[in-house]
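Throughout, residue positions are numbered sequentially from 1 according to the sequence presented.
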Amino acid sequence: MTTKNNRQIKRAEVGSRLRDTDPMPFGKYQGKPMEEVPDSYLLWLHGHFQEKIANGQEIVGDSHRVLLYIEDFGVKNLKP
């Protein structure tokens, strides 16, 4: 039963992807539209999330939504 609930939560998170006009949900740029968050900060977050994933931690909630936003945009398209 827990697995089913986790899957439902993940589906809900994926279904609520961030758009450029949505506010950054946390951190230094909290409240700014995603399109105004500097690329360097998004690159830093992506690296931070990748480290957590490599250490076996799961990225959930707003962090997961931001990670998906970064990956949808394409990490290689971000400028340091």
Side-chain angles (χ1 to χ4, degrees):
M1 186 159 166
T2 304
T3 304
K4 182 177 179 183
N5 289 339
N6 288 342
R7 286 188 200 142
Q8 289 171 340
I9 290 168
K10 286 184 187 245
R11 281 191 207 122
E13 289 172 354
V14 170
S16 61
R17 290 183 185 253
L18 291 170
R19 297 177 305 238
D20 288 340
T21 55
D22 290 335
M24 177 66 174
F26 58 82
K28 183 176 181 179
Y29 298 97
Q30 183 174 5
K32 284 198 175 262
M34 290 301 295
E35 64 190 354
E36 292 180 21
V37 176
D39 288 359
S40 58
Y41 186 69
L42 295 176
L43 282 169
W44 177 83
L45 279 175
H46 187 264
H48 179 71
F49 293 148
Q50 292 305 314
E51 282 182 33
K52 286 185 167 222
I53 291 168
N55 290 328
Q57 295 177 330
E58 190 172 8
I59 307 300
V60 296
D62 286 336
S63 295
H64 185 248
R65 294 176 69 214
V66 171
L67 179 61
L68 290 175
Y69 176 85
I70 295 167
E71 290 178 347
D72 283 349
F73 184 74
V75 177
K76 65 182 182 241
N77 295 320
L78 297 173
K79 307 282 187 246

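Here the side chain of N55 pairs no donor or acceptor atom with the backbone of K52 at under 3.5 angstrom.
Within the 4.5 Å cutoff, no side-chain heavy atoms of E36 are placed close to those of M24. Residues V66 and F49 have side chains in contact (heavy-atom distance under 4.5 Å, counting atoms from C-beta outward). Contact annotation: the side chain of L18 never approaches that of L68 to less than 4.5 Å [non-hydrogen atoms, C-beta and beyond]. Between L67 and Q50 the shortest side-chain heavy-atom distance falls below 4.5 Å.
Here the closest heavy-atom approach between residue D39 and residue N77 is recorded as OD2-O, 4.3 Å. Minimum heavy-atom separation, L42 to M34: CD2-CE, 4.2 Å. Closest non-hydrogen pair, P80 versus S40, comes out as C-CB, 4.1 Å. Summarising the geometry of Y41 relative to G27, their closest heavy-atom pair is OH-CA, 3.6 Å, with the distance given to 0.1 Å. Here the closest non-hydrogen pair linking Y69 and D20 is OH-OD1, 2.6 Å. Minimum interatomic distance between P25 and Q30 (heavy atoms only, all atoms of both residues): O-NE2, 3.4 Å.
Here H46 contributes atom NE2 and I53 contributes atom CD1; the two are 7.5 Å apart, rounded to the nearest 0.5 Å. Separation of atoms CD (E35) and CG (D22) is listed at 10.0 Å; rounding is to 0.5 Å. Distance check: L78 CG to I70 CD1 gives 7.0 Å after rounding to the nearest 0.5 Å.
Every residue was checked against the ring pair (Phe, Tyr, Trp, His ring centres under 6.0 Å) condition with F73, not counting sequence neighbours, and none meets it.
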